[in-house]
Amino acid sequence: MGVLNAMCSRSPRLMEEVRLLHATLASLGVRVRASWLPSVANVAADRLSRDTDRTDWRLCPVVFSALDAAWGPCTVDRFASVDSSQLPRYNSRHLDPGCEGVNAWAHDWAGEGNFANPPFSQAALLLRKTGVAAARWRDFVRANVVGRLGGDAAARVAADLHVSSLTSDTAAKYDQHWRQFSSFCAATGRTALTATPETVAAYLASLYSRGSVRPSSLQSYLSPVNTRHATAGYARPGTGAFLSSVRSGYTRCWLDRVGSLPPERAKFPAAAAWFIAAAAAKTTCPTTRTRLTTITTVFLFFRRTAELLRLTVADVHVRANGAVEFQVVRYKNAERRRGAHRLTYTIPPAPVEPDLPLSLLRDGLSWLAAAGARPDQPLFGELGARRPPTRDEMAGWLADACASPGISAPVGAFFSPYSTCGGAATAAYAAGVPDGRIVALLGHSRRDTVTAHTHYIDALVDPCPAARRFFDRFLPRG
């Protein structure tokens with residue numbers, strides 16, 4: 001009120017608005033004088049000034065950084081505000097300083113790295129939007145394959161099988177990046193289909209100029225271009241010696257610009273996992289105990305986080321000797337294996353007590369049985385839950401579990417849910433578990449020790465008591 005009457009403010013930002021208001025009033029020949037009204041006489045305006053948007057919550061920045069490193073780069077935060085945005089560019093529910101636009105649904109998402117953390121009430125709309133993009137990509141692929149195979153019933157079935165090779169998320173991403181490539185070609189007078197390697201090189205140059213596409217993300221931009229051409233019967237323009245040289249130059253120039261390589265996903269230490277197991281055993285909060293037990297079990301079981309989060313009560317069985325059997329009924333890339341089948345494992349009891357990790361899991365199973373949980377009850381979900389926890393939710397649990405005791409990744413690295421898999425393999429190796437057993441627990445070919453050592457095992461980590469407590473159970477017994 002005082003600012004309006006005096007037409008003056010000490011805030012430079014507010015003063016810019018005052019000058020605009022003063023100019024507008026002068027052009028209209030209007031004067032404004034503000035006076036105070038009690039709240040009871042100004043209900044609507046007073047309510048708006050006091051209204052708090054309860055849906056405007058911010059994902060933990062550590063979790064966002066891990067997601068951005070794994071799936072980014074993200075360029076626009078679609079559901080945010082000036083207080084909650086994770087990125088400089090964002091869409092907000094209401095107009096606020098700095099937002100790029102109001103109402104994310106009213107904007108074109110094509111060609112952007114979209115980070116979407118919507119209100120839960122709008123989750124179905126988000127799934128529908130990504131589903132439309134996936135359907136658009138699949139329709140194109142299906143039409144081309146049917147035409148090339150003759151157009152009969154067998155061709156249509158073959159086309160359906162072909163488009164099913166991509167998940168909906170991947171198909172939606174392909175559609176987004178293909179549309180971005182097409183827009184670039186249209187704007188620069190180039191041909192998107194069929195494109196030449198020189199056109200693709202120019203496209204990479206435009207991505208470099210944007211300054212937000214990391215070298216590690218380039219393949220996700222090139223794969224849709226190559227796939228679109230291959231599906232239509234043309235040569236893949238994003239391959240060959242010339243493009244390989246351009247990509248190498250892209251990486252070198254990127255590093256010269258930013259001065260450093262991106263952070264590495266760190267392997268979660270066995271000592272930290274044991275600390276979390278001890279915290280789970282001590283807590284009296286059932287929800288906290290379940291979440292900490294989830295982290296501990298994922299570490300002990302070696303498997304991919306998403307696979308273990310999908311486990312149900314029916315997938316796990318406790319033997320009379322205390323060992324735990326479990327099955328993975330669906331896992332990544334199973335469709336690419338000949339004679340693919342379920343993966344079954346037995347986790348034996350530790351030779352020395354206390355066996356905290358297995359005790360926590362057995363206690364959780366006993367509690368679910370006593371509560372009358374259904375066989376399809378998610379093992380790590382709330383009682384009665386219809387869906388399992390997501391990887392993003394576990395990322396939040398892991399961040400919370402690490403925050404209190406001050407557990408942090410090494411300099412230049414970060415923890416994510418997938419860190420537990422490499423951490424477990426590293427701890428088992430340090431504890432003396434043979435390579436063949438580690439590879440089998442990872443679910444790889446029993447002869448594929450190269451992948452295990454390249455991507456999962458850090459041979460420089462020394463053995464520690466926590467590693468032995470977790471994985472002495474897998475040592476050969478005479």
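- Here CZ of Arg291 is found 11.5 Å from OG1 of Thr283. Values are rounded to the nearest 0.5 Å.
- Contact annotation: the side chain of Leu207 approaches that of Gln180 to within less than 4.5 Å [non-hydrogen atoms, C-beta and beyond].
- Checked by atom type and distance alone, the side chain of Arg362 pairs as donor or acceptor with a backbone atom of Gly322 at under 3.5 Å.
- For the pair Val102 and Asn91, the minimum side-chain heavy-atom distance is 4.5 Å or more.
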Kindly determine whether Val200 and Asn226 satisfy side chain to side chain contact (heavy atoms under 4.5 Å, CB included), including the steps that lead there.
-> CA-CA 10 Å; Val200 176; Asn226 288 328; over 6 Å; no

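- For the pair Arg252 and Leu255, the minimum side-chain heavy-atom distance is 4.5 Å or more.
- A pairwise comparison of heavy atoms in Ala266 and Ser419 identifies O-OG, 2.7 Å as the closest pair.
- In this structure, His177 and Leu222 have side chains that are not in contact, with every pair of non-hydrogen atoms separated by 4.5 Å or more.
- Distance OG/Ser223 to CH2/Trp178: 13.0 Å, rounded to 0.5 Å.
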Could you please spell out the steps behind the side chain to side chain contact (heavy atoms under 4.5 Å, CB included) verdict for Met394 and Ile295?
-> CA-CA 8 Å; Met394 185 182 157; Ile295 297 170; 4.2 Å; yes

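- Residues Phe380 and Pro388 are not in side-chain contact: their nearest non-hydrogen atoms beyond the backbone lie 4.5 Å or more apart.
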In sequence, state the C-alpha distance, the side-chain angles, and the governing distance for Ser92 and Val82, and then conclude on side chain to side chain contact (heavy atoms under 4.5 Å, CB included).
-> CA-CA 8 Å; Ser92 60; Val82 67; over 6 Å; no

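- Among all heavy-atom pairs drawn from Ala452 and Leu442, the shortest one is CB-CD1, 4.0 Å.
- The six-membered or imidazole ring of Phe79 lies near that of Trp105, with a centre-to-centre distance under 6.0 Å.
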Pairs under 3.5 angstrom only: tabulate donor-acceptor contacts from the side chains of residues 458-473 to other protein residues two or more places apart or in another chain.
from   : atom 1 : to     : atom 2 : distance (Å)
Asp458 : OD1    : Leu460 : N      : 3.0
Arg473 : NE     : Phe470 : O      : 2.6
Arg473 : NH1    : Pro348 : O      : 2.8
Arg473 : NH1    : Asp355 : OD1    : 3.4
Arg473 : NH1    : Asp355 : OD2    : 3.0
Arg473 : NH2    : Asp355 : OD1    : 2.7
Arg473 : NH2    : Arg469 : O      : 3.4
Arg473 : NH2    : Phe470 : O      : 3.4

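- In this structure, Gln86 and Asp77 approach most closely via the heavy-atom pair N-OD2, 3.0 Å.
- The aromatic rings of Phe302 and Phe474 sit perpendicular to each other, their planes meeting at more than 60°, with 30° as the lower class boundary.
- Side-chain atoms of Ser84 and Ser81 include a donor-acceptor pair closer than 3.5 Å.
- Remark: the backbone N or O of Ala205 is paired with a side-chain donor or acceptor of Ser209 at under 3.5 angstrom.
- The environment of CZ in Arg58 is crowded: more than 12 heavy-atom neighbours from other residues, nucleotides or ligands sit within 6.0 Å.
- Remark: Trp397 CH2 to Thr287 OG1 distance equals 9.5 Å, nearest 0.5 Å.
- Checked by atom type, the side-chain pair Thr312/Asp315 shows a donor-acceptor distance below 3.5 Å.
- Other residues, nucleotides and ligands contribute only 12 or fewer heavy atoms inside 6.0 Å of the CZ atom of Arg386.
- Contact annotation: the side chain of Ile457 approaches that of Ile438 to within less than 4.5 Å [non-hydrogen atoms, C-beta and beyond].
- Between Tyr429 and His453, the angle of the ring planes goes over 60°, which puts this pair in the perpendicular group of the 30/60° scheme.
- Side-chain contact check for Val328 versus Arg304: every heavy-atom pair is 4.5 Å or farther apart.
- Counting only distance, with no hydrogens or angles, the side chain of Arg391 and the backbone of Thr305 share no donor-acceptor pair below 3.5 Å.
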Arg289 vs Thr284, side chain to side chain contact (heavy atoms under 4.5 Å, CB included): CA-CA, chis, key distance, verdict = CA-CA 7 Å; Arg289 185 184 179 93; Thr284 57; over 6 Å; no

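- The backbone N or O of Cys99 sits less than 3.5 Å from a side-chain atom of Tyr90, completing a donor-acceptor pair.
- Looking only at distances, no side-chain donor or acceptor of Thr288 sits under 3.5 Å from a matching main-chain atom of Ala280.
- Nearest heavy atom pair, residue Phe415 against residue Ser408, reads CE1-C, 3.5 Å.
- Here the CG-OG1 distance, from Leu361 to Thr296, works out to 10.0 Å after rounding to the nearest 0.5 Å.
- Among pairs with a residue in residues 260-278, those fulfilling side chain to side chain donor-acceptor pair (under 3.5 Å) read Arg265-Ser416, at least two apart in sequence or across chains.
- Under a 3.5 Å cut-off, the side chain of His229 and the backbone N or O of Ala195 do form a donor-acceptor pair.
- For the ring pair (Phe, Tyr, Trp, His ring centres under 6.0 Å) condition, the pairs that include at least one residue of residues 236-266, sequence neighbours left out, are Tyr208-Tyr250.
- Considering only residues two or more places apart in sequence or on other chains, Phe115 meets the ring-ring contact (aromatic ring centres under 6.0 Å, His included) condition with Phe64.
- Proximity of a side-chain donor or acceptor of Gln377 to a complementary backbone N or O of Gly384 within less than 3.5 Å is detected.
- Contact check for Phe268 versus Pro417: no side-chain heavy atoms found under the 4.5 Å cut-off.
- The salt bridge (Lys or Arg N to Asp or Glu O under 4.0 Å) search around Glu382 returns none, not counting sequence neighbours.
- Using modelled atom types, one side-chain atom of Thr251 and one backbone atom of Arg247 make a donor-acceptor pair closer than 3.5 Å.
- With rounding to the nearest 0.5 Å, the separation of OG in Ser85 from CD in Glu100 is 10.0 Å.
- Crowding of Arg89 atom CZ: a count of heavy atoms from other residues, nucleotides or ligands under 6.0 Å exceeding 12.
- Side-chain atoms of Glu325 never come within 3.5 Å of backbone atoms of Tyr345 as a donor-acceptor pair (strictly under, hydrogens ignored).
- Counting all heavy atoms, side chain and backbone alike, Leu300 lies closest to Ile347 at CD2-CG2, 3.9 Å.
- A centroid separation of less than 6.0 Å is found between the aromatic rings of Phe326 and Phe301.
- When all heavy atoms of Ile407 and Ala401 are compared, the pair lying nearest together is CD1-O, 4.5 Å.
- Interatomic distance, CG of Leu292 versus NZ of Lys282, reported as 12.0 Å (0.5 Å rounding).
- Under the rule for a side chain to side chain donor-acceptor pair (under 3.5 Å), the partners of Arg342 that lie at least two apart in sequence or sit in another chain are Gln327.
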